[in-house]
Asks: 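Have a look at the structure that comes next, please.
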Amino acid sequence: MGVQDDIASPQDPASPQDPALLVERRSLFGLGLAGAAIGTAAAASLIAPSVAQAQTVAKSKLYTIKERGKLIVGTGSTNPPWHFQDASGKLVGMDIDLAKLLAKGLFDDYEKVEFVLQGSDARIPSLVTDKVDIVVQWMTVTAGRAQQVDFTIPYYREGVGLLLLARGGKYKNYDELKAAGSAVTVGGMQNVFLEEWIHKAVPQAKVDAFDSPDSTMQALNARRIDAALQDQSAIRWLMQQAPGRFVDSGFGWMPNSYASAVKPGDPTWLNWVNTAYKEAMMGVDFDYFAASYKKWFGIELPIPKVGFPQEFA
């Protein structure tokens, strides 16, 4: 759970070796031994699922989006480096890059996407009411949420950590923080789990709660607290924005996965999004994905190895 989280190529014609055709032929062959009448009835029953399947596929949001000519994405605008407005007012961030990647895959145009800005509590309602096609909004994967939406494959592994002042702070790293015991004060944004989260890493630390991430950072800069509890992605972002001012304590905990979400019951659309994400992480769009990771997190992704697909190794 994040600190700030509110809890197209044509297909080839079917070949004679198509497994589906082989199954159908074997079934009809066996039934033919029992008589033509039974065989005819069986053939009709085998055709019916194909018709039903075609009707289901035709209703997929994938085709609705293609006909509409743009992708509608639910996201936020206040949480760097995931989604925020830059100095010019333009919406930017890792989530925004991912949404544009999907638009490129759908329309060969990164800009054919409409963003619906929403709070964290609107992510699931906007999906189930078809207000948006997909939510790309630093959404933590949980078993509870997976009962209401279909999650894509994760695109980031999040966690929490402790941000320190690189100069002028009392402590240089996590080991020093933990050794100092109750002399340490750790601040974080107000949350019912704040003390529990902090004490998982620094059991004896005093805890200060603040009304926003900005207030927490102000307290750290003023040295009223010794460390600030932050999402690890935010730690990386802040270190990039103010080089030499902050340092990561070197310890992270409470891992969780970020993924996009779609309305349940549409495997065609879900499979398409998963294909686009996977090939961004491992295949044809890796350069785009790696550039986003570098820009927003300062992480240099290793080039995927060629040969046997390493994700299955």
Asks: Show your reasoning for whether side chain to side chain donor-acceptor pair (under 3.5 Å) applies to Ser233 and Glu158.
Replies: CA-CA 7 Å; Ser233 57; Glu158 184 62 283; 2.5 Å; yes
Asks: Which of these passes ring-ring contact (aromatic ring centres under 6.0 Å, His included) with Tyr258: Phe151, Phe297, Trp82?
Replies: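 Of the listed options, the one satisfying the test is Trp82.
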Asks: Please name the pair of heavy atoms, one in Leu62 and one in Trp272, separated by the smallest distance, quoted to 0.1 Å.
Replies: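 Scanning both residues, the minimum pair turns out to be CD1-CG, 4.0 Å.
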Asks: Can you tell me how far apart OG (Ser249) and OH (Tyr174) are? Round to the nearest 0.5 Å.
Replies: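 The distance works out to 8.0 Å.
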Asks: Same cluster for Val284 and Val306 if Ile/Leu/Val/Met/Phe/Trp/Tyr side chains link at under 4.5 Å?
Replies: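 No, separate clusters.
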Asks: Mind checking whether Tyr277 and Phe289 have ring centres under 6.0 Å apart?
Replies: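 That pair fails the under 6.0 Å test.
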Asks: Heavy-atom distance under 4.5 Å between the side chains of Tyr63 and Thr268, does that happen here?
Replies: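 Tyr63 vs Thr268: side chains touch.
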Asks: State yes or no: do Met254 and Val192 share one hydrophobic cluster built from I, L, V, M, F, W and Y residues joined by side-chain heavy-atom distances below 4.5 Å, directly or via other members?
Replies: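 Same cluster: Met254 reaches Val192 through Ile, Leu, Val, Met, Phe, Trp or Tyr contacts under 4.5 Å.
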Asks: Distance from Leu91 atom CG to Leu117 atom CG, nearest 0.5 Å?
Replies: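 The CG atom of Leu91 sits 6.0 Å away from the CG atom of Leu117.
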Asks: Would you call Lys170 and Glu176 a salt bridge, taking side-chain N to carboxylate O under 4.0 Å as the test?
Replies: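 Result for this pair is no, no salt bridge flagged.
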Asks: Could you check if a side-chain atom of Asp130 sits within less than 4.5 angstrom of a side-chain atom of Lys263, using non-hydrogen atoms only?
Replies: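 Yes, their side chains come closer than 4.5 Å.
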Asks: Output, in order, the C-alpha distance, side-chain angles, deciding distance and verdict of side chain to side chain donor-acceptor pair (under 3.5 Å) for Ser182 and Gln204.
Replies: CA-CA 5 Å; Ser182 60; Gln204 296 177 291; 5.7 Å; no
Asks: Quick check: closest heavy atoms across Ala234 and Gln230, and the distance to 0.1 Å?
Replies: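 Result for this residue pair: CB-OE1, 3.9 Å.
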Asks: Tell me if the aromatic rings of Trp138 and Tyr155 count as close, with their centers under 6.0 Å from one another.
Replies: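 No: the rings miss the under 6.0 Å criterion.
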Asks: Quick one: pull up OG1 in Thr129 and CD1 in Ile124 and give me the separation to the nearest 0.5 Å.
Replies: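 Rounded to the nearest 0.5 Å, the OG1-CD1 separation comes out at 11.5 Å.
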Asks: Carefully, step by step, assess Asp214 and Ser212 under the rule side chain to side chain donor-acceptor pair (under 3.5 Å).
Replies: CA-CA 5 Å; Asp214 286 346; Ser212 71; 5.2 Å; no
Asks: Assess the pair Tyr288 and Tyr293: is the distance between their ring centroids shorter than 6.0 Å?
Replies: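 Ring centres of Tyr293 and Tyr288 not closer than 6.0 Å.
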Asks: So, do Lys112 and Leu106 sit near enough that their side-chain heavy atoms are less than 4.5 Å apart?
Replies: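 No, side chains not in contact.
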Asks: Got a sec: does the CD of Gln147 have more than 12 other heavy atoms crowding it under 6.0 Å?
Replies: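 Count not over threshold, so no.
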Asks: Looking at every non-hydrogen atom in both residues, tell me the closest pair between Pro154 and Met281 and how far apart they are.
Replies: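 For Pro154 versus Met281, the nearest heavy atoms are O-CE, 3.0 Å.
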Asks: State the CG-OG1 distance between Leu98 and Thr75, to the nearest 0.5 angstrom.
Replies: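 Answer for the CG-OG1 pair, Leu98 versus Thr75, is 9.5 Å.
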Asks: For Met139 and Arg123, which heavy atoms make the closest approach, and how far apart are they?
Replies: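 Looking at all heavy atoms of both residues, the shortest contact is CA-NH1, 3.7 Å.
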Asks: Output, in order, the C-alpha distance, side-chain angles, deciding distance and verdict of side-chain contact (heavy atoms from CB on, under 4.5 Å) for Val186 and Ile225.
Replies: CA-CA 6 Å; Val186 179; Ile225 59 176; over 6 Å; no
Asks: When rounded to the nearest 0.5 angstrom, what distance separates CG in Asp150 from CG in Asp266?
Replies: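 With rounding to 0.5 Å, CG (Asp150) is 8.5 Å from CG (Asp266).
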Asks: If I compare all heavy atoms of His199 with all of Val207, which pair ends up nearest, and what's the gap?
Replies: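 Closest heavy-atom pair between His199 and Val207: NE2-CG2, 3.8 Å.
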Asks: Pair Asn221, Arg245 - check side chain to side chain donor-acceptor pair (under 3.5 Å), show working.
Replies: CA-CA 9 Å; Asn221 284 319; Arg245 183 169 185 80; 2.9 Å; yes
Asks: For a quick test of reading the model, state the closest non-hydrogen atom pair linking Asp226 to Ala183 and the distance between them.
Replies: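 Smallest heavy-atom distance, with atoms named: OD2-O, 3.7 Å.
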Asks: In Å, rounded to the nearest 0.5 Å, how long is the span from NE2 of His83 to CH2 of Trp296?
Replies: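 Result: 12.0 Å between the selected atoms.
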Asks: Salt bridge or not for Asp133 and Lys61, using N-O below 4.0 Å?
Replies: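 Salt bridge: yes.
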Asks: Would you please indicate if the ring centroids of Trp237 and Phe84 are separated by under 6.0 Å?
Replies: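 Between Phe84 and Trp237, which both carry aromatic rings, the centre distance is below 6.0 Å.
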Asks: Could you check whether Lys104 makes a cation-pi contact with Tyr110, meaning its NZ or CZ is under 6.0 Å from the centre of the six-membered ring and within 45° of the ring axis?
Replies: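 Satisfied, under 6.0 Å and within 45°.
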